[in-house]
> 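So that we are looking at the same thing, I have put the structure below in structure tokens.
Computation of the quantities below employed the complete heavy-atom set of this structure, encompassing side-chain atoms and omitting hydrogens, waters and symmetry-equivalent molecules. Every chain is numbered from 1 and lettered A, B, ... according to where its sequence line falls, protein lines coming before strand lines.
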Number of protein chains: 2
Amino acid sequence: MTFPATLSGRGPKYLQIADQLRAEIQSGELSPGSRLPAETDLAGRFHVSPPTVRQALAVLRSEWLIESRHGVGTFVRENRKRQRRSRNRYGRARTDKRLLNDALEHRIVFAGRGPVPPHIAEAMGVEPGSEVVIRRRHLHDKATGQLREIGASYVPLSHAAGTYLEDATVVPKALFLCVEELSGKIYHRAQDTTVIRAAERDEPGLFNLAGGEAILHLVHTARAADDEVLEISESIWPADEVVFIDEYDIPKHGENPTSRSEI
Amino acid sequence: MTFPATLSGRGPKYLQIADQLRAEIQSGELSPGSRLPAETDLAGRFHVSPPTVRQALAVLRSEWLIESRHGVGTFVRENRKRQRRSRNRYGRARTDKRLLNDALEHRIVFAGRGPVPPHIAEAMGVEPGSEVVIRRRHLHDKATGQLREIGASYVPLSHAAGTYLEDATVVPKALFLCVEELSGKIYHRAQDTTVIRAAERDEPGLFNLAGGEAILHLVHTARAADDEVLEISESIWPADEVVFIDEYDIPKHGENPTSRSEI
DNA sequence: TAGTGGTCTAGACCACCGC
DNA sequence: CGGTGGTCTAGACCACTAG
């Protein structure tokens with residue numbers, strides 16, 4: 001029998017049940033994608049009331065181990081293939097002339113003028129609500145159609161107003177190369193700010209999350225040599241789908257570091 | 001009256017209650033650190049049963065907005081002061097000869113030989129369980145005493161065996177300078193791997209978390225010019241306490257990028 | 001229609017904390 | 001001690017999905 005009907009008696013029942021099920025998941029007895037027994041079945045096997053089972057499942061849900069589909073069942077979460085991102089997006093793009101991940105489909109969901117949101121205005125050094133050119137994108141997994149990333153780019157009117165950046169067509173090359181062309185200025189220095197926060201508003205629905213899940217939110221500010229902001233872009237992922245891998249040279253003794261440390 | 005007794009009737013009651021309370025928190029009516037009314041009080045005011053109130057509070061807890069203390073009450077979470085980390089820890093350390101954050105107290109909780117854990121062995125390219133010199137550290141907030149970061153460094157025996165790195169005394173300068181001295185090799189290139197995962201094992205207790213919270217886990221691998229691993233270190237934070245701020249130069253056209261992109 | 005998970009009730013008793 | 005949140009029960013009814 002897969003699920004012992006006995007609880008050892010140490011600690012709360014719902015935690016013991018969660019421990020049992022977690023062990024079965026991690027041992028592979030319950031494999032990714034497989035369905036758990038119905039809540040009423042689990043209640044019977046563990047000799048507890050249904051709400052207690054639900055409490056145990058809530059624990060596993062908060063650990064990102066299972067997900068429930070209303071009217072269908074509760075399933076062991078698939079190990080979603082993790083994306084790999086570098087914080088330095090310019091290195092290869094400058095030579096490859098492309099920035100896009102081949103496994104993702106790039107959909108521009110909005111392009112045009114709009115008010116700059118507060119957290120971007122701050123980084124841009126302008127009044128919140130000022131008009132800028134905004135390009136919003138959704139990146140979908142080509143295989144499954146699942147939304148994997150939400151992004152937006154904000155370019156000052158001075159460089160983007162009236163240009164093709166206001167058209168919702170996919171830019172044929174990396175956005176920063178377009179901005180360099182249009183502005184006549186060169187991207188010189190960047191700042192990336194990364195935070196992890198709880199999912200809010202429509203994000204759980206968009207990403208098909210249980211709710212209350214962690215979101216990774218990156219704001220990227222690119223400046224010209226004279227410190228003028230050329231572009232701010234932000235990217236939003238379900239935090240558990242992302243791995244950052246960064247490789248970089250370590251400054252030698254006496255060498256001027258290319259990154260200012262913020263520690 | 002702070003808490004209206006009426007629910008608009010749209011959607012589940014527990015979500016409406018959560019929305020009400022969230023609005024009060026975000027408007028500042030319920031300020032950080034202040035106590036919410038007791039669950040039974042809330043049940044009375046909203047005319048629902050106590051379990052329904054608990055469900056609403058569970059939502060806010062998963063959004064990291066409140067925390068409950070058994071026997072005391074439920075409180076609006078303080079905005080914990082966020083740490084700022086740069087991926088490039090070497091820039092300033094090479095000139096300042098220090099790596100430590102002044103607001104944090106560095107406690108070495110273990111130093112000596114031990115088996116290398118699996119996720120480190122992989123990055124190090126050795127058998128899991130091989131012996132290495134391990135230095136484990138806890139970083140506490142000097143003001144509050146709260147644990148803010150767990151870290152560990154792993155140095156191959158070939159460079160650290162029998163040296164002062166096996167003593168649990170705080171190293172007077174940055175660890176990498178010690179390893180450079182002891183090994184006679186220079187840190188040349190680094191890789192940082194960052195993931196966000198659910199808290200596991202004893203982490204909720206150590207960090208005083210509600211459970212199921214997001215953890216940020218960074219593994220840093222430093223290599224010499226000949227690709228030999230000189231040191232691997234890992235850092236673990238409650239994800240909501242960390243902001244990464246990275247500044248870096250953007251490679252010019254035709255310039256060899258210092259970071260290899262992983263996109 | 002049958003079976004699933006989602007919402008909600010009205011209690012009970014326990015464990016913890018501060019006074 | 002009184003008040004708090006934590007655990008648990010034994011139901012009821014609804015909403016969703018699949019066949």
> Counting distance only, does the side-chain N/O of B:Ser34 pair as donor-acceptor with the main-chain N or O of B:Leu30 below 3.5 Å?
no

> So, B:Glu24 and B:Arg22, do they make that salt bridge, N to O below 4.0 Å?
no

> Rounding to a whole Å, what distance do you find between A:Arg35:CZ and C:dG5:C1'?
10 Å

> Closer to the 5' end of DNA chain D via nearest nucleotide, is it B:Gly73 or A:Pro51?
B:Gly73

> Starting at atom CD1 of A:Ile66, determine the distance to atom P of C:dG5, rounded to an integer number of angstrom.
10 Å

> How long is the line joining CG of A:Asp41 and P of C:dT4, in whole Å?
6 Å

> Reading DNA chain C from 5' onward, which residue's closest nucleotide shows up sooner: B:Pro50 or A:Leu57?
A:Leu57

> Measure the spacing between CG of B:Leu36 and CG of B:Leu57 and express it to the nearest 0.5 Å.
6.5 Å

> For B:Ser49 and A:Val72, find the nucleotide of DNA chain C closest to each by heavy atoms; which residue's nucleotide sits nearer the 5' end?
A:Val72

> Students should find this one: the first and last nucleotides of DNA chain D, 5' to 3', lying under 4.0 Å from a heavy atom of chain B. What are they?
D:dG3 to D:dT7

> Tell me every residue that passes side chain to side chain contact (heavy atoms under 4.5 Å, CB included) with A:Thr52, counting only those two or more places apart in sequence or in another chain.
A:Lys13, A:Tyr14, A:Ile17, A:Val48, A:Ser49

> Determine yes or no for a side-chain-to-main-chain donor-acceptor pair under 3.5 angstrom, with B:Arg135 supplying the side chain and B:Leu175 the backbone.
no

> Which of these, A:Thr194, A:Thr193, A:Asp192, sits in a side chain to side chain donor-acceptor pair (under 3.5 Å) with A:His220?
A:Asp192

> Could you tell me whether B:Arg69 contacts a base, only the sugar-phosphate backbone, or nothing, with contacts defined as non-hydrogen atoms closer than 4.0 Å?
sugar-phosphate

> Would you mind pulling out the nucleotide paired to D:dC13, Watson-Crick or G-U wobble, both distances under 3.5 Å?
C:dG6

> A:Lys13 has an atom NZ; how far is it from atom P of C:dA15, in whole Å?
13 Å

